[in-house]
Amino acid sequence: MRDRCTDIISKMGGGEEAEIYKLAIIITEKCSLRCKYCTEYMPDIAGIAKHTDIEICKRSVGKLLDTVGKLDSLTILGGELFLHPHWDEFVRWCIDDRRIKNVVLLTNATIMPSNWKVMQNDKVVLALDDYGDVSLRLSELKECAKKHGVNYAVYRHTHWFDVTGYSLVKQTEGELCRKYETCQIKGCWNISDGFLYKCTTSFYKMKYMVRKNIEGNSDFIDLLHQDTDAIRKAIERLSGKDYLDACKYCAGTGNENMIGVARQVR
Ligand code: SF4
């Protein structure tokens, strides 16, 4: 399982400002790897994958900040974030917004960033996924981070889960609730393409594999076309759900679904 700085914790109600600590935003669906069990189906969607317009990224995070007040940490990722031609413009914007305390750039350590200067900031941490042999530029990235005075951390992963199936799974309400409750991927509040949601797999599973409408589905909160009051209420509703629609099409994260890290499609 990719560690995506998953925890977003909110305290809301009574018109109070929501308190959110951590959030992640996917700024591109394009990736330099072809992981067989990618939780966002990147190899399956490679032909139609796109970069998100940075203005959409700014507007979505801005609207969420207007709703919740501040973020302790915002993680920026992909796909592979350094493939986005304007990733550094978004990082600069995040640094300049004082409501965001820390900015984490999560990379699969296969691409050398085009701009080190923008990362030379106390707010920024370069988070390097260590997928073993697959993370080809890891040593080089560490050396460059040291040379350029950029904060960095390395994340070694022991296992992932195969949650890539997308057929309807026969199960009782109780089984669905338990699957969601014990899921090790859920809790990953993220933003993709202007929508806020709880689980990265749920967004890409429903949008591309099950092909359900994202618009109008209460598991995906449209940040761009609602006011902050409506967004706050939608977050409350989604936080209180017993399971997501996507869980009906998902094997979940039981031990039997544990797999090796970043196996590549041949
Ligand atoms: S069980 Fe539900 S919450 Fe967990 S990965 Fe699958 S869709 Fe996401």
Side-chain angles (χ1 to χ4, degrees), residues 1-10 20-26 29 31 33 35-45 49 64 75 77-79 106 108 129 131 155 157-223 234-263 265:
M1 178 176 53
R2 294 177 66 165
D3 181 16
R4 294 176 174 278
C5 300
T6 54
D7 208 14
I8 177 176
I9 305 167
S10 51
I20 289 182
Y21 298 105
K22 291 181 181 174
L23 172 73
I25 180 166
I26 293 178
E29 296 171 346
C31 194
L33 292 179
C35 297
K36 188 170 178 188
Y37 299 105
C38 176
T39 52
E40 287 93 52
Y41 303 92
M42 297 299 170
D44 298 276
I45 64 172
L64 188 65
T75 298
L77 71 157
L106 182 59
N108 63 22
D129 271 332
Y131 295 150
Y155 294 94
H157 302 266
T158 56
H159 61 272
W160 282 4
F161 291 98
D162 178 9
V163 290
T164 53
Y166 50 92
S167 303
L168 196 61
V169 181
K170 217 173 163 195
Q171 59 212 319
T172 64
E173 283 285 301
E175 285 167 338
L176 266 170
C177 293
R178 256 192 314 284
K179 187 194 324 187
Y180 184 59
E181 194 186 335
T182 57
C183 181
Q184 296 187 47
I185 294 175
K186 85 156 189 326
C188 321
W189 286 75
N190 286 264
I191 292 174
S192 282
D193 213 12
F195 288 88
L196 175 72
Y197 55 89
K198 289 201 81 170
C199 161
T200 51
T201 303
S202 76
F203 185 82
Y204 292 94
K205 195 187 284 289
M206 297 309 264
K207 183 171 179 185
Y208 290 114
M209 310 312 282
V210 183
R211 294 175 183 274
K212 295 270 184 189
N213 265 346
I214 297 300
E215 293 85 4
N217 184 315
S218 61
D219 289 353
F220 308 105
I221 301 169
D222 185 344
L223 293 170
I235 294 173
E236 272 183 314
R237 267 198 304 277
L238 183 47
S239 299
K241 283 189 83 164
D242 290 332
Y243 57 84
L244 307 174
D245 285 351
C247 301
K248 297 177 192 164
Y249 303 86
C250 186
T253 57
N255 286 347
E256 67 283 5
N257 292 329
M258 216 181 262
I259 49 164
V261 171
R263 287 183 200 155
V265 175

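Just follow the structure's listing: the first ligand is 1, and inside any ligand the first atom is 1.
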ring-ring contact (aromatic ring centres under 6.0 Å, His included) evaluation trace for Phe161 with His159: CA-CA 7 Å; Phe161 291 98; His159 61 272; 5.2 Å; yes

Sequence-distant partners of Cys247, side-chain contact (heavy atoms from CB on, under 4.5 Å), two or more places apart: Leu176, Tyr180, Tyr243, Leu244

Side chain Tyr41, main chain Thr164, donor-acceptor under 3.5 Å: yes

Whether Lys179 side chain and Ala251 backbone form a donor-acceptor pair below 3.5 Å: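 Judged by distance alone, no pair lies under 3.5 Å.
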
Any pair counted as salt bridge (Lys or Arg N to Asp or Glu O under 4.0 Å), so long as it reaches residues 201-221, sequence neighbours left out: Asp193-Lys207, Asp219-Lys241

Sequence-distant partners of Phe220, ring-ring contact (aromatic ring centres under 6.0 Å, His included), two or more places apart: Phe203

Sphere of radius 2.8 Å around atom 4 (Fe) of ligand 1 - protein N, O or S atoms inside: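 Within the sphere that stays under 2.8 Å of atom 4 (Fe) of ligand 1, the protein atoms of type N, O or S are Cys183 SG.
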
